[in-house]
Amino acid sequence: MNSKQPINCLSSSSHIHYHFYVLVIFLTFTAISAGNETDYQALLKIKSMITQDPYRALTSWNNSLHFCDWTGVTCGRWHKRVTYIVLESRGLEGSLSPHVGNLSFLRKLSLSNNSFQGVIPDELGRLYRLRLLTLEENKFTGVIPANISGCSNLEELNLSKNKLVGSISKAIGFLSKLRVVSLQDNKLTGGIPPFLGNITSMEVFSISRNPLGESIPDTIGHWKVLKEFHSDGCNLYGTIPHSLYNLSLLTRFSSYENQLIGSLPSAIGAMLPHLVNLQLWGNQLTGPFPSSITNCSRLTYLEMDQNKFSGKLKIDFAKLKDISYITLGHNDFGSEEADEMKFIDSLMNCTKLNTLDLQNSKFQGVLPRSIGNLSNQLNHLSLEENQLHGTLPRSIGNLVGLTKLSLGTNKFIGSIPSTIGNLQKLQGNIPTSLSSCTSLSSLSLKGNLFQGMIPSSLSSLKGLRTLDISHNNLSGQIPQFLVQLSLEYLNLSYNDFEGEVSTLGVFANASTISVLGNNRLCGGIVELGLPNCKERTKHKKDVPMFIIVILIASTLCTIICLAYACCKKKNKSKSSQSSTIKRFMKVSYNQLLKATDGFSESQLIGIGGFSSVYKGILDEYKDRFVAIKVLHLQNQGAQTSFMRECEAWRNIRHRNLLKIITSCSSVDFQGNDFKALVYEFMPNGSLHDWLHSSERTSRLNLLQITNILVDVASALDYIHNHCIPTIIHGDLKPSNILLDDDMVAHVGDFGLTRFLGTSSYQNSSTGIKGTIGYVPPEYGLGSEMTSSGDVYSFGILLLEVMTRKRPTDDIFNDGLSLHKFSSMALLDHVIDVIDVNILNVYQEDENFMQNTEANSKKINECLASIVNIGVSCSVDSPSQRMDIKKVVQELHHILDALQSI
Ligand SMILES: *[C@@H]1O[C@H](CO)[C@@H](O)[C@H](O)[C@H]1NC(C)=O
Ligand SMILES: *[C@@H]1O[C@H](CO)[C@@H](O)[C@H](O)[C@H]1NC(C)=O
Ligand SMILES: *[C@@H]1O[C@H](CO)[C@@H](O)[C@H](O)[C@H]1NC(C)=O
Ligand SMILES: *[C@@H]1O[C@H](CO)[C@@H](O)[C@H](O)[C@H]1NC(C)=O
Ligand SMILES: *[C@@H]1O[C@H](CO)[C@@H](O)[C@H](O)[C@H]1NC(C)=O
Ligand SMILES: *[C@@H]1O[C@H](CO)[C@@H](O)[C@H](O)[C@H]1NC(C)=O
Ligand SMILES: *[C@@H]1O[C@H](CO)[C@@H](O)[C@H](O)[C@H]1NC(C)=O
Ligand SMILES: *[C@@H]1O[C@H](CO)[C@@H](O)[C@H](O)[C@H]1NC(C)=O
């Protein structure tokens, strides 16, 4: 009877009134059905731009069904307009049609984990009802569209794992309802902009692994409801703003692998009581580690290794019931107080402890017995490279959960406790397959002062794969049970073992065993070069030591320098285990020989004065190529070059510096010294090849070149201004710039490196300073290597890239140099000296063609600005060369301008 009411009402009103109602209903209906048509057309357009649909997700997008029933499409119940599009992990390829902007009722768009490419369409900005936009894990390029500010109801924006460039658009600052912003794993630059502080609803902010630079802005202190903040690997400098510690709801804070400095507030535990993750490893944080952290009762991940924390570690861990990962290694904690290691006692109640990394942190005390009361969940215990002394507590045998125990390079004395043999999963009913997962697989006790025999209890460590007890004072016969263990590596060198060496098991292969420096051994396989056991008694004195040394050709090498530069530690919270394993990775001459097919010509990818570089595959890095640089030790200077490079890499890491994986220092089969460095392989070769190799059919375009120049300049800025001591590269040139899969440039070859303010490695002895053409004129006059010398080389490199003329080109004589040639062109005809390929590539680009005149004006301006930087960097007078910081800034501006074309 309700419906009667309006009719009664109508009958008492005028007809006009009635017609008005009908009209309204009619128009609404028309609008909806017109909207339906718009949505239908838009969906078809979206489909038409999708080129690959391997799982046939879009088959149902046809006329036989209403579009509201199409796969991945959801409509409003009443108005039948599209409200959700969810097409996740469907293997879709193609681009996202701008027509998506016509779906005006859309509230959720999720296309995560496909292969969409091209730009994110500006038209998305018309979707003012959109609450959730997820384009995660695609191949979108270009910038974050400024129009996104139109999505005023957006709550969640996830563009992570794409190839987005440029700086974070100001437009995002207007999205006042954002709760979740995830932009990690892109190529965004320009820092974390302060205006983001305006988004006070922010709960989760993740920007990790973007080359952002700059420091964390103070304004994030406005994010009062922030729970998670992630900015790992973003080249961030400066201190952590104090305002961050005001965000008392914060549970996860990670900003590892940056260059953050300063200390943590002593009251951090009271200020951020809800912390679950605190991951700031790989920065340059100083000061004491605040003991108030004990008040973060839910703390699970405390990963603070590779910083410069100092002073006595006074954390009471007892209240941290959930703590699983404690990594505090590579710091400066030593206090010289007797009870320095007392904090170990407080770890007894941490029943979930999985990893305790305290290596290389200057700890000097005695290891307390309570070490044996730690959790039986403890998997990794690393105490190596400290100055721990006294005997190794027998209680260590209680840690039955250990798979990795490293105690090497300390000052432990006495015998190896027989309880070590308990470090296996306690038997019996457990199937062998399981027990081999949980028992100790790697044990390092090397470099201590242990005496006596190898305890027979070790025989019970059936899961042991790696055993290193080298450089101790162990004696007696080598026990037979070592043959039965499934060892892959056994190092007994530099002890005082005697008697016969087996030829079986691990002893059967010269590359898995080392017995060097044990004068009283005999037998073994021939390659070990030990005397025959029967003859030995007769000719004992006749076997000169050096022959033994020479014959042991494939001694396993030790990692000499790269205590930590060697391990890529991305996603560490999830894969602490594997990164620790990599940290211990050793590589032998034999392995390198195998990896490079016997250092064969076909694997040779470059050759220089001090070294040859090979491509290879190391077993440890299955299916990943590495580049192996073998030093020409016979050439004077190569040895120094190796040392310098090691030293340089020990302290630095930056996305635009070539990463070293490990190194090898050994003797080859002829008994000659052998040294090599193993780097990440750069599939796109060197900048030199791109410029001059006739095998390259395609050349670089202006955008790529500008990006490369930004990369190189950023690397220089880092080694000059953000490393202590300052590092001078000394040999910057196109063949030392390597390009990865994504054409990101990595500066390599630190062989001529010099450290300012240190007395070691003064550069006068070798007389070699860089490469002709790139060396600044003052070096020729005997000047020391300086950072402005590197700037000069950069300037020359830039001009070479732009003109594709080497500084040593024949046309440069009679007072004409690359610098002069370019600076004269700057006056009015810069385009004349630019490599014609750079322009060609641009002209083939569609966007360029659309608006040729305006664009070519812009491009001309950019070209002139770039050449101007090169000219300003390569002036003769060192003091007048451009500052590298300024170079980075200006190149960024040029890049922004080019990207807006
Ligand atoms: C149209 O969609 C229906 C429903 O998914 C499907 O069964 C049919 O094969 C599709 N037709 C074409 C021509 O793809
Ligand atoms: C749909 O979007 C396209 C591209 O943005 C636009 O050209 C067109 O006019 C729109 N159509 C309708 C019906 O709104
Ligand atoms: C946003 O932040 C910037 C810088 O932090 C500030 O200058 C500006 O006034 C803010 N805008 C609004 C709308 O709050
Ligand atoms: C922290 O918050 C308090 C209260 O809101 C405010 O007075 C103080 O200035 C803030 N401190 C920082 C460093 O932002
Ligand atoms: C932990 O918090 C309590 C209460 O806020 C405080 O009294 C205590 O000093 C804190 N502990 C440390 C070690 O800072
Ligand atoms: C550790 O746990 C034991 C047993 O649960 C308890 O008695 C002791 O008080 C705890 N210690 C600390 C410091 O919390
Ligand atoms: C620590 O372990 C030892 C055995 O090594 C045991 O006797 C002692 O009771 C344990 N202490 C605590 C507090 O659990
Ligand atoms: C090595 O051990 C022997 C006894 O086995 C002992 O005489 C000698 O002093 C020890 N050397 C060192 C450096 O501890």
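Whatever order the structure lists them in is the order used to number ligands and atoms, beginning at 1. Computation of the quantities below employed the complete heavy-atom set of this structure, encompassing side-chain atoms and omitting hydrogens, waters and symmetry-equivalent molecules.
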* D332 with K362: basic N within carboxylate O range, under 4.0 Å -> yes
* To do: Kindly check if the number of other-residue, nucleotide or ligand heavy atoms within 6.0 Å of OH (Y245) is above 12?
  => yes
Output, or 'none' if empty, a list of ligand 2-protein atom pairs in which both atoms are N or O and the distance is under 3.5 Å, rounded to 0.1 Å.
| residue | atom | partner | partner atom | Å |
| --- | --- | --- | --- | --- |
| ligand 2 | 2 (O) | N102 | OD1 | 2.8 |
| ligand 2 | 2 (O) | N102 | ND2 | 2.6 |
| ligand 2 | 11 (N) | N102 | ND2 | 3.0 |

* Whether W223 and F229 hold their rings parallel, tilted or perpendicular, with breakpoints at 30° and 60° -> tilted
* Asked: So, R298 and D322, do they make that salt bridge, N to O below 4.0 Å?
  -> no
* Just which atoms of ligand 7 are under 4.0 Å from any heavy atom in N373? -> 1 (C), 2 (O), 3 (C), 8 (C), 10 (C), 11 (N), 12 (C), 14 (O)
* Between D39 and K80, does at least one N-O distance fall below 4.0 Å, as a salt bridge requires? -> no
* Greater than 12 external heavy atoms within 6.0 Å of K342's NZ -> no
* Structure fact -> When Y256, Y301, Y325 are each screened for ring-ring contact (aromatic ring centres under 6.0 Å, His included) with W281, the one that passes is Y256
* Structure fact -> For T294, the ligand 5 atoms with a heavy-atom partner under 4.0 Å come out as 13 (C)
* Asked: Judged by non-hydrogen atoms, does G269 sit under 4.0 Å from ligand 5?
  -> no
* **Among N295, N349, T294, the one residue meeting side-chain hydrogen bond (donor to acceptor under 3.5 Å, both in side chains) with K319** => N295
* Asked: Any idea which atoms of ligand 7 are less than 4.0 Å away from a heavy-atom of N398?
  -> 4 (C), 5 (O)
* Asked: Would you say the side chains of T83 and T74 form a donor-acceptor pair under 3.5 Å?
  -> no
* Structure fact -> Logged contact type for D316 with ligand 5, heavy-atom cut-off 4.0 Å, is neither
* **For S292, atoms of ligand 5 separated by under 4.0 Å from a heavy atom** => 12 (C), 13 (C), 14 (O)
* Structure fact -> Quick look: A270 vs ligand 5, heavy-atom contacts under 4.0 Å, and the answer is neither
